[in-house]
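Notes for the one structure printed next.
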Number of protein chains: 2
Amino acid sequence: MKQKITLKHIARELEVSISTVSKALKNSEEISRDTKEKVQAFAKLYNYKPNNIAISLKNKRTKNIGVIIPDIVHHFFTTVFRGIEKYADSHGYNVIVCVSDESFDKEVINMEMLANGSIDGFIMALSAETQLKNDFNHLKEVTEQGIPLVLFDRITDEIECDKVVIDDKEAAYQAVTKLINNGRKRIALITTESYLNVSEKRAEGYFEALKDNGLAIDESLVLRLPYQYEDEQKSGKFFESKEIDAVLCVNEIFAIRCMRHAIKKGLKIPEDISFIGFTDGILSKFANPRLTSVAQHGERMGEIAAQMLIEKVESEEENETYRTEILKSTLIERESTIN
Amino acid sequence: MKQKITLKHIARELEVSISTVSKALKNSEEISRDTKEKVQAFAKLYNYKPNNIAISLKNKRTKNIGVIIPDIVHHFFTTVFRGIEKYADSHGYNVIVCVSDESFDKEVINMEMLANGSIDGFIMALSAETQLKNDFNHLKEVTEQGIPLVLFDRITDEIECDKVVIDDKEAAYQAVTKLINNGRKRIALITTESYLNVSEKRAEGYFEALKDNGLAIDESLVLRLPYQYEDEQKSGKFFESKEIDAVLCVNEIFAIRCMRHAIKKGLKIPEDISFIGFTDGILSKFANPRLTSVAQHGERMGEIAAQMLIEKVESEEENETYRTEILKSTLIERESTIN
DNA sequence: TGGTGTTACGAAAACGGTTTCGTGTTAATA
DNA sequence: TATTAACACGAAACCGTTTTCGTAACACCA
């Protein structure tokens, strides 16, 4: 087993001091040509690479970013993660991921773990439970310690920090407006049961668009489903019993499932009933019919989050100004709506 | 900004030595009841948490696992990752993810980066480019340094280390056999162009099943597509020109796309033509018709990989025995085949 | 010859912990 | 009373770096 070589080894071997080796490797002016060449040659020969941990301890900078997300088998989060990783990697940072599993406790534990020196800053999307409990002390503690934090998608107003979101309300508004312009009158909203910031925003946009276009708000056209629903009974009944000519779903899975119900009922998509989903993921693209969907530009979101974080991490002064970046979403029109 | 408190602070405040504080916090026998209580109370009050980096440096153990995968926006890898994260988390380990983006160079750079002290071991799936180049020096270097390595899914025989795979060949064999038992005679294989270990194995199983069942091997029924293909021309033509009654696809995207071609051609699934895909992901489940697919049990795979790695990391002796775990895959039958 | 300035290097502190070993104080024992 | 053991703690080394500061050796100049 080849042992990793350290400054100490080089120093001993070349009969110079550790400081000399360290300086020689950094091409310091202090060291003579001869010595530098000797040291550098030796280091290259034995493939010396400084120990990251030691450097982290010394510099009090780890070059690690902590990412905490509710789930990883989830297209949108994965997309954001890719953006984060991409930006981080190209700027010399590594990414440590923790999955909160929508659990408040796991979120807290993971944060505390990472906050003890493992990372230089956090990027996170709140777990459903955290949003429900409305308890953000763990975030507060971290920011009070001066650890930069960037929130994305699932955010809260209670914490002052940088944030990146998409214009959920606006996106829903536009989507519903489009449906109305296509002549749709009875537009359903399929949303989540549990309290999620984003779902609420989308619902707001839905209601506002109806109102602004002079359509009555009919609460019976709003269906709330469990976030991870497997049981199709509830949505099945909904489709059987209602007369609907368009549907806005807050995610693509809801949309795909509901399209099935519609097809089973004998409805033609998009002629009899139109569908628009959120999260323009793999399902929207490959569904049959292909689903018109609100693209959230997750990768861009991740890049922006990473950029915001790294800027804060690397800025010397404690900049107490935070910004919230609002990304424009895009409606990707496909076969489930009339063009 | 609340500064993080260290042993030194506590020692100064309580007018004892750093060693005493350290021992008191670990409930050492050496320290008197009084002192221990005093120190522990103080530590709790100021919410003292040891610095991970310092501990890592001292122990030469980071409690971090490095995971290098070709892509993260990819259902199977994500699933494996979830298994890894889950097991790691429950055993006190954090996970650092790097994405190789199917690039050899990125894989090498990321590995070297992490190998300098950041992690205790690696779990990885090789990039396509690495498999093509057949260059595994970076893996060799790492293992020679005594850093444990577990390979999953995209593996190589050139490196001695723990491995986890599914029985790709067997799975393909079973799938094709099933199609044959359903009376299918002209079974196509849609696979990848680039060299991927797994695709080759699946092709082997396909051929062997045909042979064992007395069906002629017709190379014109094998279609090779670029890994990330967007252009549907090639597969479109293939379906137009061939008489086929069943298709085995090495991933679900290929399957979904090809089902579209078949439907467009006026074929009925599964009556006229059956489809089986690999990677039982979200697409298989929600496709229309739902796709019969080989479940690779990614999460289980990740758990096993993590378990193997952590065992190696924590075992004192340099155990030079490696094992290859072969997971059984499962054929999930849905609407795209006849039951 | 004494003073000054370079040059080239080493000692040591620091980052924040853990751990070994030495030692002063007290109490028990011969 | 002298010896010994137990107790409770501190000093210091160590992990692998970086960086500040001190200084030996030499050259140069007046």
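As the structure is a prediction and not an experimental result, all values here were calculated from the model. The chains referred to below are lettered A, B, ... by the order of the sequence lines, with proteins before strands, and numbering in each begins at 1.
Listed by residue number, the members of residues 24-34 of chain A with any heavy atom below 4.0 angstrom from DNA chain C are A:E30, A:I31, A:S32. At a non-hydrogen distance threshold of 4.0 Å, B:I18, B:S19 from residues 10-21 of chain B come into contact with DNA chain C.
The existence of a salt bridge linking B:D71 and A:R82 is confirmed by a sub-4.0 Å separation between a basic side-chain nitrogen and an acidic carboxylate oxygen. We find that A:D162 and A:K312 are joined by a salt bridge, their nearest charged nitrogen and carboxylate oxygen being less than 4.0 Å apart. Note on A:E325 versus A:K163: no salt bridge recorded, every NZ/NE/NH1/NH2 to OD/OE distance being 4.0 Å or above. Taking 4.0 Å as the cut-off between side-chain N and carboxylate O, B:R154 and B:E102 count as a salt-bridged pair. One finds no salt bridge joining B:K106 and B:E129 here, because no Lys/Arg side-chain nitrogen approaches an Asp/Glu carboxylate oxygen to under 4.0 Å.
For B:L57 and D:dA13, the CG to P distance is 17 Å, given to the nearest whole Å. Rounded to whole Å, atom C1' of D:dC15 lies 12 Å from atom NE2 of A:H9. In this structure, B:K8 places its NZ atom 12 Å from P of C:dA13, rounding to the nearest Å. Counting to the nearest Å, the P atom of C:dG16 and the CG atom of A:N116 are 13 Å from each other. The distance from atom CG of A:N59 to atom C1' of D:dT17 is 8 Å, rounded to the nearest whole Å. When rounded to the nearest whole Å, the span between CG of B:L7 and P of D:dC15 equals 19 Å. Between A:I5 atom CD1 and D:dC15 atom P there is a gap of 15 Å when expressed in whole angstrom units. For the pair B:I55 CD1 and D:dC14 C1', the interatomic distance rounds to 15 Å; values are reported in whole Å.
Look at A:Y48 and you'll find a side-chain N or O under 4.0 angstrom from OP1 or OP2 of D:dT17. Contact annotation: A:S22 side-chain N/O to D:dT17 OP1/OP2 distance is not under 4.0 Å.
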Do B:E37 and B:R33 pass the salt bridge (Lys or Arg N to Asp or Glu O under 4.0 Å) test, and can you show the C-alpha distance, the side-chain angles, and the key distance before you say yes or no? CA-CA 6 Å; B:E37 278 170 9; B:R33 272 181 84 80; 3.7 Å; yes
Verdict with supporting geometry, A:H74 and A:F76, side-chain contact (heavy atoms from CB on, under 4.5 Å): CA-CA 6 Å; A:H74 181 295; A:F76 174 65; 3.6 Å; yes
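Taking only distance into account, the side chain of A:K58 never meets the base of D:dT17 through a donor-acceptor pair shorter than 3.5 Å. For a distance-only test at 3.5 Å, the side chain of A:K60 fails to qualify as a donor-acceptor partner of the base of C:dC15. Not a single donor-acceptor pair, N or O on each side, falls under 3.5 Å between the base of D:dG16 and the side chain of A:K4.
Under 3.5 Å, the side chains of A:K4 and B:N116 contain a donor-acceptor pair of N or O atoms. A donor-acceptor contact closer than 3.5 angstrom links the side chains of B:T20 and B:S17. With 3.5 Å as the limit, one finds no donor-acceptor pair spanning the side chains of A:S103 and A:S100.
Annotation: A:F81 is not in aromatic contact with A:F77 [ring centroid separation under 6.0 Å not met]. Between A:Y48 and A:H9, the ring centre distance reaches or exceeds 6.0 Å.
A:T35 comes within contact range of the sugar-phosphate backbone alone, with a heavy-atom separation under 4.0 Å but no base atom that close.
End-to-end axis angle of the helix from C:dT1-D:dA30 to C:dA30-D:dT1, from C1' rotation axes over five pairs per end: 80° (rounded to 10 degrees).
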